[in-house]
Each structure stands twice: as structure tokens, then as C-alpha cells.
Amino acid sequence: MSPIEPEGVRGQSTTRRWRNVRLRTLLIWLAVVPTVAMGTQVTVTAERLLEQSARLRADVEAAERVGAPLYTLLVDMQEERTATAAQWAGTDGAEAELRIRRAATDTAAAEFRRLADDPSRSFTEVTRQLDRLPAYRQRADTRSGGADSTLTYYSDVIGKVIQVYQQEFSHAEDAELAQASRPVVSMLQATEMVAREDTVLALAGPSGELSFVGYDQFVSSLGAQRYLHEALIVPHLTERDERFYERVVGSEDWQAKTRIENAVLSGHKDTVAGIKVPAEVGGWKSAHANFSVQMTTLNIDLARSVLARGEAKAAELQAEVAWLIAGSGGGLLAVVVVVVFTTRSVLRRLRELHERTVTVAEETLPDVVARLERGQTVDPEVLPSVTGDRDEVGRISDAFARAVSVSVDGHRRLAAERHGFGLFASGIASRTGNLVSRQLSLTEDLQDTFGHDEALLAQLMRSDQLTVGMRRQIENLLILAGGEVPDPHTEPMRVADLLREAAAEVEDFRRIERQALDETSVEPSVISQISHLLAELLDNATRFSPPRSKVVIRAELVADGLTVEIEDRGPRVSPERYEEMNGRLHQAPPYSVLAQNAHRLGLFVVGHLADQLGATVTLRRSVYGGTCAVVVLPAELLLPTEGETPREPARREPALPAPATEPAAAAAVPAPSSPGPATAEEPEREREPEREREPGQEPDAEPEPEPDTEPEPVAHTSAGLPSRRTKAPRPAPAAVPAPAAVPGARPALPERVPQTHIADQLRAPRVPETRVPQDTATPEEVADAWADYEQGTQTVEEELRRDQP
């Protein structure tokens, strides 16, 4: 991407790329993405549940393995602490009791060290505190330091044990297990508070006196244990554990414990050295020994309940994982199945819609348009109809059906408008053609009437040529409008006469040189069409070639029919331009192309005529550098000429035949020695060399024709121009009397007989000319010819520049 490319381009390209993604791919992604996300979530959840289950099982296993020795260690440490306090106070028999308690503590500590071998758990802190136990025992034996510091050490070890219970077996990540394990830890803490009370009272000894610090510890322990029982133990006990707890609390020993605690709180006496406890304290030891056993049983039951719940929870988590995997797998399978069936259904419906659309677009709609253009009716059943389905594919199908209906209606209106315009243009062309035909008839009559006036005859000939060009342009309009060129011919016409008639349609007919066969004729029904086609090509050749250059038209028989070549010496045309023009000639172009090339109607007319005749028109480069148009007429349009002797296959003929003159036009032919304006307008032609007359021979003597030579069946206008009307060849009678006039009828025109109405000036002996004959073209004609040539050359050069990349 260019560094100066705007950001909007990148967004558009990304949007375009997403729009180019296939619908099948999008549907697959629509199924894959949720499936992967759901599978990932299930995997993560299953791993978390399995990890929690494994941790619960590890805790249960650790509690079953280490919990009992750890609790035994806790109880033994509490009893050793009490025995140490009694020994410190000088109680009788305390030393023997202390040795028993120390032995029990050592056994419990050894068992704990043996089982607590997992370094990842929180057992190391207890082990490290136990390593300091011998030092504090020695201090207790030697009574070095104070009793409070030694007893505090025991309290710290017991606190570490309770902390291990709290950390390892509380299960804070599981609310249910945390709720179940909370009474266990609280019960241990309450038991510790009662044990501290026992230690403080043992430290009072036989004297029954406590220090102020000891009394404060007793009071704080009493308050803590009562708070724990009331706030953190009783509300969280199960129904079974609560009944057991009530039996313990309602026992005589527990009631004695409560009375002693109340007595210490209310019946103590302050002394100078400390606090004097009441005499009821003597019953504490027996009561504590009894209810402590019951509390130990309750603690063990609570711990086992928590372990059972942990084991059940671990099993429940594993079952939940199994159900999760099974349910998720079933859900994923259902999603995949639904997506596959949905995708296949959507793609199938879209494929059917695509096939119907392609069929309508490539087969049905072109056929419907073609039928509408031909003016035929269309069956509504062949077009897609609106079904009214409300789903997305149905709405697309209905939208396409509406689009096709609108398109067909538009083509129907266009066809009706084109047909109406064609009828309108045909009517206008027919009426204008009738007017032009009447104009040509009037021009012929004027030529017949005023043929003696040379200047007027030249202008009439010019007017005749322009009128013929107007008629050809009107016929072009008629052809492009879909009409047919009127064809008055009823008899076949020789090819030579057909080429002559086509050349007569061109304004600059003097430059056309014809080469044709005479033993081949053309069907009368296509004479006008072929003549018009050749006239368009000849007109194009004369316009786009130098004014003085010749345009050669030749006709020859080939294997496929008759070939007519029209060759000029105009400007060069590029091969791409030839290819474009041949494409328009080989197939009649549509009117949309015609609208874009309204200034090139000639090629369109030729293309339509070639399509109607079944002919082939090809443009290529000539050997002279100009353009050569090759017309191949099919053999079905040709007929052999009857009653004709075969002639030379490639006879070069003059540009136009010598015009025959009417009696009224005899004065329009000037003598060679006195050129006039009529010489400039007379067509160029090859003349037969006049044979020298004998001195005594009459000038109006006519040479006798060869017995085996027939006059050419060429029809001319009264002005000497080749006529588009076909007339049968007639023999030249010597003298034809004028027929009697019919009243009310138009008098018949006199027939032209060669050499019978020649002017007197032409009967005199010809005087050989010694000077170069003057050019027959007037300055106006030369200027017009050069202007047409320059305009054509500029047009071709401009088209070549536009065609260049």
C-alpha cells in the first residue's frame, strides 16, 4: 500500500474483500466460530472443575493422612502446656504428669513429621516450631526466664496447627465446603481458648493466686471461647451435630465449667501480688477432663463430616465434568448437524435460484427480448413469477422476478416505441421517397423539354444527381427503420447493368471504373438491395479517396457465388479499425450502437442489407494503400443470362456509357473545337473511335451494326444518366412515326434512335485537334471534390487518433 494512500481506500478494499468471500465460507465460519468458542469454554471449565476435584481429593487425602496426627499433636501440646504450668506452680505430682505428656507429644510430633512430607503444603511452619520444643522444655525445667514466655511458645505452636487446619481444609474456593469447614476451625479455636483457661488455672497452683497478666489471659480466653461458641459454632452446626453439641453443653461437667468461670470472674480477690481465685477452682480439673473428651469427639465428627463432604464434592465435580463434556459434545454435534443441514438447504436454494437466474438471463430473457423486437407475443408462464415467500431467498427470488418483469415491460415499451418509430420513419421515408421520385420524373421531363440549353441541361444533370443521392439517403432511413426498399424490377438484370445502376447512384460517378461479367444476372427481387449496397460502398470509396483517383469495381464468379470488389486509393486505416468495421458489417449492429455512431450510417446500412441478403462484406487494405471492400453474394441470388453469348470475363468498361440524346437535347452536345459549360458536366466515358468518312459520304449516314451484336440493355434517363428503372432492350428502328394523340392523355416521349437525331454540327468532318484538350471539370467541381477528400481524410485521421491508446 502506498504511504500516501488515504485510510478510506484501505477500508473500502477490506470491505470489498469481505464482500468477495463466498457464502459457503461465511456459513462454515458461522458454524466453526461458535463451535470452537463453545468447545474452548467447555475445555476450560472441565479443566477447572477437574483441577478443583483433584485438589479436593488431595485435601481429603492429606486430611485423612495428616489430620489425625496433627489433631493429636494439638491436644498433646495443650496438655503438655498445662502440665508445664502446673510444674512451674509447684503442684504435687506435676513432674510425673509432665513426663507422660512430653512422651505423648514426642510420639505425636514424630508421627506428624513422618507423614507431613509434602513440601508444597503449609506443614513446614509447624515442623520448624517443633524443632524449638527441646529448648523451651529445658527453660521450663530450669525455670529460666518467665513462665509466660514459655507458655506463649506452646500457644504459638498450637496456633500454627490451627492455622494449618484453616489453610488446608477451609476450601475457600467452594462456598459449601467453606461453610461446612468453618465450625471445625472455630471449634478448634474454642477448644484452644478452654485449654488456655485450663493452663492459667493450673499456673495458679496450690496458692490459688494469679498474676495480673495471667488473670487477663483467663478473662480474654473466656470471652473468646464464649463468642466462638455463640457466633461461629452453634449457628453453623448441622442438625445432628447441634444435638450432640447440646448434649455436651447440657452435661454436669460443662455446667461446672461455666460455674467456675463465673466464680473466677465475680469471686476473685485482688491482692498485693495479684489475683486470688475462689475455692471453686478446685473442681475444674475433673470437669475439664470429662467435657474435653466430649469436645474432642465433636471436633473429630465435624472434621470427618467435612472430609466426607469434600470427597462427595470431588465426586460431584467429576460427574459434573462428565455431564458437561457429554452435554457439550451433544450440543456441538447438534449445532454441527443443524448448521450442515441449514447450510446445505440455503446453498441448495441459492443454487436453484442461481440456476433459474442464469437460465432466465441467458436463455429466457434474450428469447423474450428477441420476440418482442420481432413484434411477437410473450407467454407470461415462461417468466419468473412472484411467489410471496417471506424468507430471505424467497424475497430475493421475488425481487428478481419483479426486476425481470420491469425489464420485460421496458423492452416491450421500447419494442413498441421502436416499432412505432419504425412505422413513423417508414411512412415519412415512403412519402419523401414518393416526392423524390416525382422530383426525378420532373427532372427528366425538364431534361427532355430544355435539352437544347447547354447551361440549363448541365444544372439539370447536377440536380438529377443530387436528387438521386437524396433518394438513396431516404432509402437508408427506410432500411434502418425496418422497411424494405421498393423494387420495381420484374426481370433479371445483368451484373454489368447492376454495377452501372449502382454507379449512377453516386454523385462522383465519373471516377468509377467498372469491370464485370455479362453472362450472369441477378434475381429481380434483390436488385434494388444489391444496387443500394454497392452504391453505399462506392459513395464511401469516392468520398475517402483523392478527387482525381479512380475507384475500381469488378465482379467475378467464385465458388460461393459472385464476388464484387470495390477498391479505392484513400488514406491508410489501422488493422484495429478494419476489425471494428468488419464486425459491424458481418452482423447487423443493434440500434444502441447506431445511436453512438450516428455519423457513420453507411456501414450500418451495408450491414443490414448484407444481413438481409445473406451476403458477406469485408473491408481490408488495398495493395494501393487504400481500402478494398469485398462483397460475396450467395449463388442463390444469381441466374444465368438467357439469350446472351458469353463475353470476356473481365472487360474494362468506361466509367459511364455515352448518353443518348433526345431531339430536344441535341443542341446540348458541343463541337470538339468549341468547348462550353456542358463539356464540364458530361460524364467521362470511353468513346468508340470514329471512322473516317469518305468525301462523298453523307454525315448522317449510320454504320450498320454487326449482325451478331445486340445492343446492351441499358436504360438511361432522358439526361443521359443511367436509370434505376429497368427497361427491356429494344432494337433501333429506322423511322418510327409518331402515334396519334389520344385526347386527354399525356403525349408519349419520343424514342431515342442512335445517329438519327445528331446535330448538323456533328455531321461535319472532324478537324484534328493540335492542342491539349481542356479539363472538363469546372472549378466548383474541383473545389467540392477536394473539400470532400480533405474532410474524409481529416475524419479518418481523427478516428485513428482516438483509437490509439
Side-chain angles (χ1 to χ4, degrees), residues 15-16 19-20 22-23 345-433 474-485 580 583-614:
T15 305
R16 191 180 301 112
R19 289 179 179 176
N20 294 333
R22 297 181 59 186
L23 182 59
S345 176
V346 172
L347 292 179
R348 176 179 56 80
R349 297 185 62 187
L350 290 177
R351 182 171 60 252
E352 293 175 355
L353 178 61
H354 175 263
E355 292 175 355
R356 292 198 304 270
T357 304
V358 171
T359 302
V360 171
E362 295 183 355
E363 299 178 6
T364 306
L365 199 56
D367 180 67
V368 169
V369 173
R371 292 177 63 86
L372 291 175
E373 290 179 350
R374 293 193 298 267
Q376 300 175 354
T377 59
V378 177
D379 186 8
E381 298 296 330
V382 302
L383 298 176
S385 59
V386 178
T387 60
D389 294 338
R390 302 312 303 166
D391 63 332
E392 287 74 9
V393 179
R395 288 198 293 267
I396 294 175
S397 178
D398 291 349
F400 176 71
R402 294 188 185 95
V404 171
S405 177
V406 172
S407 176
V408 171
D409 292 341
H411 281 89
R412 185 181 288 110
R413 288 194 297 270
L414 288 177
E417 293 176 1
R418 188 181 297 116
H419 182 66
F421 180 77
L423 295 178
F424 169 76
S426 299
I428 295 297
S430 299
R431 294 180 183 181
T432 310
I474 293 172
E475 291 176 352
N476 288 347
L477 177 61
L478 188 63
I479 292 170
L480 294 177
E484 296 182 356
V485 179
E580 179 186 354
R584 297 177 183 174
L585 293 175
H586 292 167
Q587 184 178 5
Y591 286 93
S592 59
V593 181
L594 174 62
Q596 299 174 1
N597 300 269
H599 59 288
R600 304 173 187 169
L601 298 181
L603 292 179
F604 289 92
V605 174
V606 172
H608 280 275
L609 289 175
D611 188 56
Q612 296 174 6
L613 295 171

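Side-chain atoms of Val408 and Leu372, non-hydrogen and from C-beta on, do get closer than 4.5 Å to each other.
With rounding to the nearest 0.5 Å, the separation of NE2 in His354 from OG1 in Thr359 is 9.5 Å. Of the inter-residue distances, the one linking Leu353 atom CG with Arg351 atom CZ reads 11.5 Å to the nearest 0.5 angstrom. With values rounded to the nearest 0.5 angstrom, Arg356 atom CZ is found 4.5 Å from Ser397 atom OG. If you take NE2 on His608 and CG on Leu613, they are separated by 13.0 Å, rounding to the nearest 0.5 Å.
Closest of all the heavy-atom pairs between Pro366 and Ala361 is CD-O, 3.2 Å. Shown here for Ser407 and Leu365, the closest heavy-atom pair between the two residues is OG-CD2, 4.3 Å.
Looking only at distances, a side-chain donor or acceptor of Arg371 sits under 3.5 Å from a matching main-chain atom of Thr377.
Checked options Asp611, Val606, Val605; the residue passing with Leu609 is Val605 (criterion: side chain to side chain contact (heavy atoms under 4.5 Å, CB included)).
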